[in-house]
Amino acid sequence: MISRKHVLFMIGTLLIAALLLTPFSRNTNPASIGKPDGKSNDQPEQGELIVEQISNIYVNVSLPDSQFQQLQELNRNFMIEHPHIQVKLTNEPFKDRAYDLWALQSRQGEASDIMLLDNGWVRPFAIQGFLKPADSIMTGDALTDQLTGLLDPLTWNGYLWGVPREVNPYIVVWSEALLAAAGLKEPPSDWASFQAAASKVIELNSKVSIVNWSEGDLQQQLIWLAAYQTDRSNLLKLLPFSEIQTSQLAWLQKMEQHMSRIAVNAIGQLNEAFQSNSLLSAIIPWSEYENLNDALRKKLLVDQDRIDYPWLNGHSYVISSNSNAEEEAMLWIREMTNVNNQQMIYDRSGQLPARASLYLFNGSLQTDPTAAPPAWWMKVLNVKRTDAELPHPDPLWPEKWQYREQMWKRFSEKTFQIDAYINSLAE
């Protein structure tokens with residue numbers, strides 16, 4: 001018969017064994033001890049490698065080669081700072097091809113995480129459900145430092161759908177010497193004044209060109225027509241030309257022999273034409289104006305009162321609705337559009353930044369006036385845009401623009417065929 005003393009001894013032995021074996025049970029995770037979520041409280045030892053999950057994001061842009069190389073440089077810096085995010089950049093330099101491809105990919109749910117869209121494409125993409133709202137990117141300083149006139153075209157249905165990267169507005173530039181010869185100190189204030197000035201300079205020199213219109217440049221045509229219209233609501237909405245607009249185009253057709261056809265990026269030819277007082281006016285992007293000879297720019301007048309649709313010739317980053325890396329995409333866009341990177345874009349390309357603070361640096365306290373764009377641009381770009389200055393929320397707007405642009409290229413290739421151009425739009 002086993003004594004009570006032996007029974008107590010055996011029970012004690014079994015309890016000790018159970019306690020010793022408990023940590024080695026397969027249902028017990030040692031790392032979960034002391035933390036209810038099963039994760040260890042222990043910190044890795046110094047020098048221990050922490051492997052984070054790699055996130056891949058894909059970015060599609062349509063940029064000239066020089067600007068794409070700059071973006072690649074910024075992207076490399078980003079990946080060095082954020083090694084857990086790998087970013088694949090793809091460039092389609094032909095804008096029309098980029099639109100067709102990205103629209104198709106978006107319809108099929110195969111779009112890249114981020115796209116750099118023409119500002120005019122943002123609303124149509126949003127309307128079709130291709131994008132995620134960008135409001136969460138625009139917080140704090142990133143929001144308060146934005147220019148209102150650049151955000152309005154990116155807003156639809158109460159949401160912001162893009163983050164501005166840069167803008168390159170078309171401007172109307174005038175020869176100060178030829179204006180003086182026509183008896184003017186300022187650019188013509190209306191269409192009749194322009195016609196009178198044109199007639200005067202031709203009378204003084206029959207070889208003078210009254211305006212430069214480049215082959216196939218639809219934005220150039222749009223800006224020129226808008227400059228002398230009281231009702232221009234139909235222009236950006238791509239509706240048929242009004243009677244007044246048609247008559248103005250017909251008058252230019254008659255004056256074709258007194259119009260030059262220099263490409264907007266042919267800076268050498270534009271320099272020569274203005275320097276020799278053989279060109280009264282031209283419609284060119286701001287970046288091309290900054291490429292003109294420094295001494296020449298002092299002899300030209302920029303019509304600051306007639307800068308229409310300045311947001312149109314610019315780009316904004318958007319996030320695809322099928323992206324599974326929204327947080328990483330937002331982080332990348334924030335860094336690509338920060339103040340330093342926008343300053344770099346302006347320094348290298350002359351395209352205007354979307355951050356208001358970069359214009360303030362060119363105020364009275366600015367020691368280097370070449371470090372920032374002219375301060376007057378901030379006033380122009382900060383004006384709230386009315387519905388008349390924005391396209392209809394039309395998903396087909398980019399296709400309509402493409403068609404009109406193709407027609408203009410076709411009917412301005414060798415000579416200006418205004419009647420045929422207008423008829424093609426009616427068809």
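Positions are given from 1 along the sequence. All values reported here derive from a predicted model rather than from experimental measurement.
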Please indicate whether [X] has more than 12 foreign heavy atoms, meaning atoms of other residues, nucleotides or ligands, lying under 6.0 Å from its [atom1].
{"X": "Asp387", "atom1": "CG", "answer": "no"}
{"X": "Ile244", "atom1": "CD1", "answer": "no"}
{"X": "Glu256", "atom1": "CD", "answer": "yes"}
{"X": "Arg410", "atom1": "CZ", "answer": "no"}
{"X": "Asn324", "atom1": "CG", "answer": "no"}
{"X": "Glu186", "atom1": "CD", "answer": "no"}
{"X": "Tyr403", "atom1": "OH", "answer": "yes"}
{"X": "Glu243", "atom1": "CD", "answer": "no"}

>> What verdict does the side chain to side chain donor-acceptor pair (under 3.5 Å) test give for Tyr359 and Asn382, after you've listed the backbone C-alpha separation in whole Å, the side-chain angles of each residue and the deciding distance to 0.1 Å?
In response: CA-CA 11 Å; Tyr359 296 84; Asn382 213 24; over 6 Å; no
> Passes side chain to side chain donor-acceptor pair (under 3.5 Å), Glu166 versus His315? Steps please.
Replying inline: CA-CA 6 Å; Glu166 34 64 27; His315 299 90; 2.7 Å; yes
> What about the rings of Phe194 and Trp224, do their centers lie closer together than 6.0 Å?
Replying inline: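 Yes, the ring centres sit under 6.0 Å apart.
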>> I'd like to know whether the aromatic ring centres of Trp174 and Phe274 sit less than 6.0 Å apart in this structure.
In response: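 Trp174 vs Phe274: aromatic centres not under 6.0 Å.
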>> Using the rule given for side chain to side chain donor-acceptor pair (under 3.5 Å), can you reason through Thr155 versus Asp152, listing the C-alpha separation, both sets of side-chain angles and the distance that settles it, and then say yes or no?
In response: CA-CA 5 Å; Thr155 303; Asp152 289 338; 5.2 Å; no
Given side chains that start at C-beta, do those of [X] and [Y] come closer than 4.5 Å, heavy atoms only?
{"X": "Met336", "Y": "Val59", "answer": "no"}
{"X": "Met407", "Y": "Arg404", "answer": "no"}
{"X": "Met259", "Y": "Leu252", "answer": "yes"}
{"X": "Tyr421", "Y": "Phe241", "answer": "yes"}

>> Donor-acceptor check, side chain of Ser62 to backbone of Glu92, threshold 3.5 angstrom: yes or no?
In response: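 It does hold such a pair.
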> Using the ring of each side chain (for Trp, its six-membered ring), is Trp286 parallel, tilted or perpendicular to Tyr289, with breaks at 30° and 60°?
Replying inline: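 Tilted: the ring planes of Trp286 and Tyr289 meet at 30° to 60°.
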> Charged N to carboxylate O below 4.0 Å: is that the case for Arg297 and Asp294?
Replying inline: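 Yes.
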>> Does Trp161 form a side-chain contact (heavy atoms from CB on, under 4.5 Å) with Phe130? I'd like the steps, not just the answer.
In response: CA-CA 10 Å; Trp161 299 94; Phe130 296 162; over 6 Å; no
> Given the rule in the side-chain contact (heavy atoms from CB on, under 4.5 Å) test, do Glu389 and Thr386 qualify, once you have shown the distances and angles that lead to the verdict?
Replying inline: CA-CA 5 Å; Glu389 297 174 282; Thr386 64; 3.2 Å; yes
